[in-house]
Amino acid sequence: MALNSKIKNLLPDASAAAALEFLQDKITATLGSNLVGLYLFGSLTYGAFVPGRSDLDLIAVLQKSASTTEVGRLRTLFVDYGRSHWDWFDWTECSFTPLHMMQRTLPPLEPRPWFGNSRFYEDAPYGNEWLINQYLLCQWGIPIFGPDYARLVKNTIKLSHVRRAALLDLESEWAELLNDGSSLQDPHIQSYVILNLCRILYTVTAGKVGSKQAAAAWVADHYSSWRELIQEAENWRHGMAMHRNRDTQAFLAFVVYEVGKKTWDEKKTQ
């Protein structure tokens with residue numbers, strides 16, 4: 001089945017269109033009547049896609065949790081995807097989320113099948129990114145199949161919810177890198193962490209949700225001493241070197257401090 005023209009016009013090249021058509025056809029065939037909808041979201045949908053760094057981000061919403069048989073077929077699907085569309089295999093993420101999770105504002109406690117990092121996980125947990133992704137899907141998600149995503153969500157996702165999720169994300173995940181920064185030796189991780197920290201600082205301090213590019217530009221403008229590091233993170237592409245692990249840790253410490261100061265000042269005025 002051919003992709004609709006709106007989605008095709010967003011894609012960077014013919015290989016991306018072929019990869020997405022493969023996933024559209026195989027996922028709908030594999031899940032059949034259990035598939036409520038398949039949605040594209042992330043950088044492609046709000047004009048911030050960067051070849052060599054950005055992913056194809058997808059979510060498949062299911063009537064009920066994937067059965068053991070369906071999980072096995074999905075695993076085979078992604079093996080086939082790697083063989084036929086290897087150029088996008090490392091740059092694709094897809095969650096298989098049952099409809100009842102859409103009724104939650106807080107991250108679901110139960111795991112779900114997820115493909116990402118070139119691997120298929122049968123039981124991947126949700127974290128604080130749940131709320132952020134829900135907001136992005138409601139605002140900019142594009143149906144490949146099914147109704148508009150916002151129609152599936154019971155509770156309105158507010159900016160205040162996203163802001164709280166960003167705070168929890170910083171506290172529960174990113175701040176741990178201050179004690180153990182061994183993963184920051186990887187240049188991909190350095191770039192990823194820096195740009196995600198920009199988004200957290202932008203959301204908490206400016207009270208806005210936007211692309212990583214918008215967040216990075218805002219942080220570089222408001223905190224000019226970090227501009228060079230942020231620009232290097234933005235310019236990084238797969239295969240390039242980046243030797244900024246210590247600077248990344250220092251930027252993390254700065255963001256933790258600034259976010260803490262912001263939230264403390266707000267508490268004093270309440």
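Computation of the quantities below employed the complete heavy-atom set of this structure, encompassing side-chain atoms and omitting hydrogens, waters and symmetry-equivalent molecules. Note that this is a predicted model, so its numbers are computed, not measured.
- Side-chain contact check for Leu170 versus Leu201: every heavy-atom pair is 4.5 Å or farther apart.
- The nearest pair of heavy atoms linking Leu74 to Phe120 is CB-CZ, 3.8 Å.
- At least one donor-acceptor pair under 3.5 Å links the side chain of Asn9 to the backbone N or O of Ser5.
- Cys94 and Ala60 make their closest contact through SG-N, 4.4 Å (heavy atoms, listed as atom of the first residue, atom of the second, distance).
- The shortest non-hydrogen separation linking Asn34 to Glu70 is ND2-OE1, 3.2 Å.
- Counting only distance, with no hydrogens or angles, the side chain of Thr205 and the backbone of Tyr202 share no donor-acceptor pair below 3.5 Å.
- A side-chain donor-acceptor contact under 3.5 Å links Arg112 to the backbone of Ala124.
- Atom CD of Glu171 is separated from atom CD1 of Ile200 by 10.0 Å, given to the nearest 0.5 angstrom.
- Between the Asn4 side chain and the Lys6 main chain, a donor and an acceptor come within less than 3.5 Å of each other.
- The cluster map of Ile, Leu, Val, Met, Phe, Trp and Tyr, joined by side-chain heavy atoms under 4.5 Å apart, puts Leu131 and Leu167 in different clusters.
- Taking the six-membered ring for Trp and thresholds of 30 and 60 degrees, Trp218 and His222 have nearly parallel ring planes, at less than 30 degrees apart.
- Follow the hydrophobic side-chain contacts under 4.5 Å out from Phe254 and you reach Leu177 in the same cluster.
- Between Trp226 and Cys198, the closest side-chain pair of non-hydrogen atoms is not below 4.5 Å.
- Distance alone, capped at 3.5 Å, is enough to place a donor-acceptor pair between the Thr28 side chain and the Asp25 backbone.
- Both Tyr46 and Ile59 are assigned to one and the same hydrophobic cluster, defined by single-linkage of ILVMFWY side chains at heavy-atom distances under 4.5 Å.
- Side-chain contact between Arg237 and Val50 is present, with at least one heavy-atom pair separated by less than 4.5 Å.
- By the criterion of side-chain heavy atoms lying less than 4.5 angstrom apart, applied directly or through intervening Ile, Leu, Val, Met, Phe, Trp or Tyr residues, Trp174 is not grouped with Trp130; the two fall into different hydrophobic clusters.
- The local environment of CZ in Arg151 is sparse, with at most 12 non-hydrogen atoms from other residues, nucleotides or ligands closer than 6.0 Å.
- Remark: the backbone N or O of Met240 is paired with a side-chain donor or acceptor of Trp236 at under 3.5 angstrom.
- Looking at Ser191, its side chain never comes within 3.5 Å of a backbone N or O of Pro187 through a donor-acceptor pair.
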Exercise. Given Arg73 and Lys26, is the side chain to side chain contact (heavy atoms under 4.5 Å, CB included) satisfied, shown in steps?
Worked result: CA-CA 10 Å; Arg73 289 173 178 169; Lys26 297 297 183 180; over 6 Å; no
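- The distance from the CG atom of Leu195 to the CD atom of Gln213 is 7.5 Å, given to the nearest 0.5 Å.
- Within the model, atoms CG of Asn235 and CE of Met242 stand 9.5 Å from one another, a figure rounded to the nearest 0.5 Å.
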For this session: Start with the C-alpha distance between Tyr126 and Thr97, add both sets of side-chain angles, then the distance that settles side chain to side chain contact (heavy atoms under 4.5 Å, CB included), and finish with yes or no.
Result: CA-CA 10 Å; Tyr126 267 114; Thr97 304; 2.6 Å; yes
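- Other residues, nucleotides and ligands place more than 12 heavy atoms under 6.0 Å from the CD atom of Gln103.
- Without hydrogens or angle criteria, Asp13 side chain to Ser15 main chain gives a donor-acceptor distance under 3.5 Å.
- With hydrogens and angles disregarded, no donor-acceptor distance shorter than 3.5 Å links the side chain of Asp55 to the backbone of Asp57.
- None of Glu110, Gln63, Lys64 except one satisfies the side chain to side chain donor-acceptor pair (under 3.5 Å) rule with His100; the exception is Glu110.
- Met101 places none of its side-chain heavy atoms less than 4.5 Å from the side chain of Gln134.
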For this session: Given side chain to side chain contact (heavy atoms under 4.5 Å, CB included), test Ile27 with Ile144 step by step and report yes or no.
Result: CA-CA 11 Å; Ile27 289 172; Ile144 298 173; over 6 Å; no
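- For Leu44 against Pro12, the heavy-atom pair with the smallest separation is CD2-CD, 4.2 Å.
- Following chains of ILVMFWY side-chain contacts shorter than 4.5 Å, one can reach Ile230 starting from Leu184, so the two form part of one hydrophobic cluster.
- Smallest separation of non-hydrogen atoms from Leu77 and Phe22: O-CE2, 4.0 Å.
- Separating the CG atom in Asp180 from the CD atom in Gln249 is a distance of 8.5 Å, to the nearest 0.5 Å.
- Tyr121 has its ring centre no less than 6.0 Å from the ring centre of Phe78.
- Atom CG of Leu40 sits about 5.5 Å away from atom CD1 of Ile142, to the nearest 0.5 Å.
- Checked against a 6.0 Å centroid threshold, the rings of Phe41 and Tyr149 do not count as neighbours.
- Taken to the nearest 0.5 Å, the CG atom of Leu137 stands 9.0 Å off from the OH atom of Tyr39.
- Relative ring orientation between His188 and His238 is described as perpendicular, the plane-to-plane angle rising above 60° on a 0-90° scale split at 30° and 60°.
- Two residues are said to be in side-chain contact when any heavy atoms from C-beta on lie closer than 4.5 Å; Thr30 and Phe96 fail this criterion.
- In the displayed structure, Arg227 atom CZ is contacted under 6.0 Å by more than 12 heavy atoms of other residues, nucleotides or ligands.
- Crowding of Tyr192 atom OH: a count of heavy atoms from other residues, nucleotides or ligands under 6.0 Å not exceeding 12.
- Inter-residue side-chain proximity for Val219 and Val255 is flagged as unmet; no heavy-atom pair is nearer than 4.5 Å.
- Glu258 and Lys261 are joined by a salt bridge, as a carboxylate oxygen and a charged side-chain nitrogen come within less than 4.0 angstrom of each other.
- Using a 4.5 Å heavy-atom threshold, the side chains of Val71 and Arg75 count as separate.
- Shortest non-hydrogen contact noted between Leu56 and Tyr81 is CD1-OH, 4.3 Å.
- Looking at Arg164 and His161, their side chains never come closer than 4.5 Å, going by heavy atoms from C-beta outward.
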